[in-house]
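Report on the following structure.
Not measured: the values here are computed from a predicted model.
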Amino acid sequence: MLRAWLLDVSEDLDSKIPSVLIWVIKEDGSRTALRANYCPSIYLVGENEEKKINDLVKIFSDKIIDAEVKNAKLRGKEVRAIKVKLNSTDVESLGERISKELKLKAYNYDLRYTTKFWIENKIEPSTWYEFIEENIDNTIKVDISTAKKLDKNKPKLKVVSFEAVYFSEKGTPRADRDPVVVIALCSNEGYKKIITGKENEILSTFCDEITKIDPDVIVGFKNNQVHWNYLLKRAKINSVKLKVGRNQSEIHQSIFGHFSIQGRINIDLFDLVKETPEVKLESLEEYAEFLNIKVNYTTVDEFELPEQWKSKSEDVKNFCLGRAATILEIYNSLEDYIFELSKITSLPADQVLVASAGFRVENYLMKKAEEVGELIPERKEIVHESYQGAIVRTPISGLHENIAVVDFKSMYPSLMIKHNISFDTIVENGERAPGLNFGFSKERGFLPMALVDLIEERDRIRRSMREVKEDSTEYKVLDSRQRAVKIITNAVYGYTGWAGARWYAREVAEATTAWGRLTITNAINEAEKLGLSVIYSDTDSLFVSYKKDKIEKFLDWIRDELSLEAKIDKIFLRVIFTEAKKKYAGLTEDGKIEFVGLEAIRGDWSAIAKEVQSKVIERILRTGSRDEGLKELNEYIDLLKRASIDVKKLIIWKQITKPIEEYEATAPHVVVAKYLIKSGWKVDPGDKVGYVVVKGSGRIYTRVKPYFEVKLEEIDWQYYIENQVIAACERILEAVGIDVRKVGKYKQSRLFT
DNA sequence: TGTAGGCACACGCCAAATCCTCT
DNA sequence: AGAGGATTTGGCGTGTGCCT
């Protein structure tokens with residue numbers, strides 16, 4: 001018996017019959033690749049199965065192992081399908097050819113060989129398994145059908161983080177021109193190294209060190225987007241092979257821009273920062289701060305890197321090493337989450353972070369489909385029809401006291417279960433979804449089944465969490481797992497309304513929101529009937545006056561009459577609403593101020609505007625006095641009039657969301673982006689551009705500059721007072737009855753110019 | 001290789017309205 | 001007084017980032 005933890009799988013190119021290399025960590029701690037034969041299967045559906053099987057065997061005799069008729073489910077309906085076991089790893093193109101030739105619809109075919117490996121064999125990555133092994137000429141071979149899942153903790157992984165610095169005189173470094181000058185490495189066994197010197201030596205030392213450490217995981221920041229590409233090109237120029245994989249293999253780019261390293265897991269923390277909405281600028285340092293990880297190096301801005309390298313190269317080296325160390329530390333705090341997400345979705349750890357929410361859900365559903373014999377439909381382009389979403393009530397504006405926020409617990413998943421909403425249960429007779437001309441049958445659907453499993457799994461995890469100490473490793477692992485499960489659960493509804501989904505079903509998404517609207521409307525009416533005034537509501541939440549016994553009754557009613565669960569999410573001692581939806585700020589029982597939707601938490605407002613708005617709101621909420629808010633604003637206006645604010649606080653950051661030439665309107669951030677591109681900087685979709693508004697007349701886009709080129713004297717303070725600070729505060733103050741344009745320092749501020 | 005829809009808000013764009021200057 | 005250019009006004013579209 002061989003026990004091993006599964007890292008990743010790659011195709012075994014040395015084998016004549018379709019085979020995989022399963023990269024594992026064995027129980028004794030050794031790292032190796034297990035060889036296993038695996039012939040993938042596809043399904044064909046259509047008329048005359050028996051005859052078609054004969055044709056199949058005739059035409060594709062060398063490409064198939066066998067074919068037999070089996071029962072399967074197609075959108076819940078029992079069908080007869082030909083299961084074809086292929087003697088090839090080229091599943092998609094062979095599947096297509098067979099389907100075309102025999103005029104049969106193919107299923108489970110447009111998937112990569114390695115993806116099929118996990119799904120079809122019901123094997124999960126990042127998990128312990130037991131296999132029956134056979135040793136043949138120094139390689140270990142296993143029989144997949146003997147795989148037995150073991151419940152055992154993840155082994156300690158060897159991890160290396162790295163960071164690289166490239167030198168360019170001006171602008172973004174270009175791989176065809178600008179060299180690598182530093183690479184820093186850190187391992188989780190305490191190893192640290194700064195590699196500098198001649199470029200070819202840097203590159204080969206980098207590979208040698210990786211080989212020596214032999215890590216299971218290589219982690220970086222923007223390594224998929226920037227580093228691997230860059231290092232590969234520099235390696236080519238220097239005639240060095242970038243051998244960082246196991247078996248001395250080179251790194252290679254896989255289909256969707258992500259890089260794979262044989263036998264190791266390549267992780268890019270940038271993928272994680274992108275799904276962390278609290279981190280606005282998506283920088284490594286901001287991410288570290290968010291995770292409470294101390295950064296102990298001086299950040300070198302990319303615009304000052306060339307100068308710094310020429311004058312104080314030691315600082316740059318330390319910066320590089322510092323970043324590598326921070327990358328490792330961040331990775332450590334997120335490792336459990338990454339591998340739990342990998343397990344639950346059956347996507348190997350180095351793919352799960354690259355995959356977007358839709359693909360994670362889909363992979364999970366494909367795994368479930370295999371369990372129940374549901375065929376996996378092909379991915380196809382579909383014209384998406386938009387549908388009605390949730391209800392958002394206009395808030396009662398002003399300063400409120402003692403408000404409870406009541407939330408439905410996972411409303412959409414619960415409704416999908418309650419009404420059996422699924423792509424395989426849609427019917428046109430019987431009970432209909434509110435306002436729609438179709439409904440859902442009673443027989444348990446595929447999606448509700450998957451959701452019940454997910455919810456039960458999460459409940460199980462949360463129960464086990466209660467049995468272990470809160471500061472234990474086990475607790476953290478369980479917590480990561482329940483978070484991973486929750487994310488998948490909540491994304492299922494959205495998945496069904498995604499045009500790219502294999503199981504796209506607009507009706508499902510539409511019915512879910514329809515029942516959601518009915519549910520919240522009924523709940524609002526009931527709350528008011530019980531004497532709770534509802535001041536605001538969005539999708540599945542209600543803001544009501546905090547009257548304990550009435551709320552208890554209300555929650556009981558939801559449980560008994562709606563068969564749904566709701567809870568008091570939080571209580572605001574004070575809360576401010578303007579007239580706008582989705583924007584408010586409140587003081588909670590534990591003395592914290594929470595901002596929702598307001599400029600104070602938006603990434604596209606200047607720091608000064610955000611600071612003043614939060615201070616103004618905080619003062620009003622803490623004191624309960626509106627005049628205190630005005631005082632705060634006046635103090636700041638004085639500072640701005642004296643130009644006594646750090647330029648950094650005036651930067652406005654905005655994302656470039658598409659190729660620059662596709663912009664129709666002349667927006668300030670686009671003008672700056674174009675200027676940057678002209679000066680040799682690379683600005684790609686997804687990048688953030690930081691600009692400052694300077695003095696002048698006319699359109700704003702005619703007087704914006706990149707933040708690093710702005711001098712104190714040119715700043716348009718009037719703009720910042722009017723369009724940033726006052727703009728962010730006036731709606732708040734207006735909501736509590738103060739007209740900023742009539743009182744306070746505003747008039748005086750106009751004299752400024 | 002994009003979970004969904006609902007929403008606020010700044011600013012550019014464009015045409016109409018209004019203002020202003022000059023003959 | 002009236003022509004005609006300059007400037008302001010207001011509605012609408014673009015663009016970004018937020019909420020649940």
Side-chain angles (χ1 to χ4, degrees), chain A residues 112 224 254-258 271 274-275 277-278 280 347 351-365 379 381-382 384-395 405 407-408 410-412 487-501 503-506 508-510 512-514 516-517 520 536-542 569 578-584 595-605 609 652-658 662-671 688-689 693 697-702 704 719 722-724 727-728 730-731:
Chain A
R112 272 182 288 168
N224 281 338
S254 54
I255 317 173
F256 301 113
H258 129 269
D271 293 324
K274 275 187 292 186
E275 54 190 87
E278 293 88 344
K280 308 290 176 190
L347 285 161
Q351 279 174 43
V352 72
L353 296 187
V354 185
S356 57
F359 289 92
R360 291 177 192 170
V361 170
E362 187 154 274
N363 225 69
Y364 172 79
L365 292 178
R379 185 182 301 291
E381 289 281 312
I382 272 172
H384 175 63
E385 280 175 61
S386 198
Y387 58 91
Q388 201 183 341
I391 293 177
V392 190
R393 263 212 176 184
T394 303
V405 183
D407 272 358
F408 279 88
S410 3
M411 186 196 242
Y412 286 168
I487 283 175
I488 300 298
T489 314
N490 290 342
V492 170
Y493 146 72
Y495 170 83
T496 64
W498 169 42
W503 282 290
Y504 170 74
R506 200 206 68 247
V508 167
E510 202 178 7
T512 307
T513 56
R517 291 191 298 274
I520 197 76
Y536 177 61
S537 160
D538 184 352
T539 312
D540 62 351
S541 69
L542 300 97
D569 183 49
T578 67
E579 278 162 14
K581 298 167 178 180
K582 298 184 186 281
K583 290 183 173 219
Y584 55 90
F595 297 96
V596 177
L598 292 163
E599 289 77 4
I601 56 157
R602 288 179 65 98
D604 58 348
W605 282 72
I652 296 166
W653 290 93
K654 277 197 163 76
Q655 196 187 169
I656 295 298
T657 58
K658 54 186 171 188
E662 282 176 25
Y663 279 94
E664 287 179 43
T666 320
H669 71 296
V670 178
V671 172
K688 315 251 176 185
V689 170
V693 178
S697 61
R699 301 283 188 214
I700 290 163
Y701 68 76
T702 63
V704 284
Y719 173 84
E722 293 249 1
N723 299 41
Q724 289 279 314
E730 70 173 333
R731 283 180 289 265

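Ion pair A:Glu599/A:Lys583 flagged as a salt bridge, since at least one NZ, NE, NH1 or NH2 atom sits closer than 4.0 Å to an Asp/Glu carboxylate oxygen.
Between the P atom of B:dG2 and the CD atom of A:Glu362 lies a distance of 13 Å, rounded to the nearest Å. Rounded to an integer number of Å, the gap from CD of A:Glu599 to P of B:dA8 is 12 Å. Between A:Trp605 atom CH2 and B:dA8 atom P the separation is 15 Å, expressed in whole Å.
Looking at heavy-atom distances under 4.0 Å, A:Tyr719 makes contact with sugar-phosphate atoms alone, never a base. When heavy atoms are screened at a 4.0 angstrom cut-off, A:Tyr584 is found touching the sugar-phosphate backbone but no base atom. Here A:Ser386 lies in heavy-atom contact (under 4.0 Å) with sugar-phosphate atoms only. Using a 4.0 Å heavy-atom distance criterion, A:Arg731 is classed as a sugar-phosphate-only contact. Using a 4.0 Å heavy-atom criterion, one finds that A:Ala390 contacts the sugar-phosphate atoms exclusively. Backbone-only engagement by A:Tyr387 is indicated by non-hydrogen atom pairs under 4.0 Å involving sugar-phosphate atoms exclusively.
Between atom OG1 of residue A:Thr657 and atom OH of residue A:Tyr663 there is a gap of 3.0 Å, rounded to the nearest 0.5 Å.
Taking A:Tyr412 as the reference, nothing meets the side-chain hydrogen bond (donor to acceptor under 3.5 Å, both in side chains) condition, with sequence neighbours excluded. Legend: residues meeting side-chain hydrogen bond (donor to acceptor under 3.5 Å, both in side chains) with A:Tyr584, ordered by chain and number and at least two apart, are absent.
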Study note, to complete from the structure: Counting primed atoms, P, OP1 and OP2 as sugar-phosphate and everything else as base, the B/S/- map of nucleotides 7-18 of chain C against protein heavy atoms under 4.0 Å is -------SSBBS
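Candidate nucleotides B:dA4, B:dG2, B:dG6 were compared by shortest atom distance to the side chain of A:Ser356, and B:dG2 ranks first. Checking B:dA10, B:dC9, B:dC13 against every side-chain atom of A:Arg699, the shortest atom distance belongs to B:dC13.
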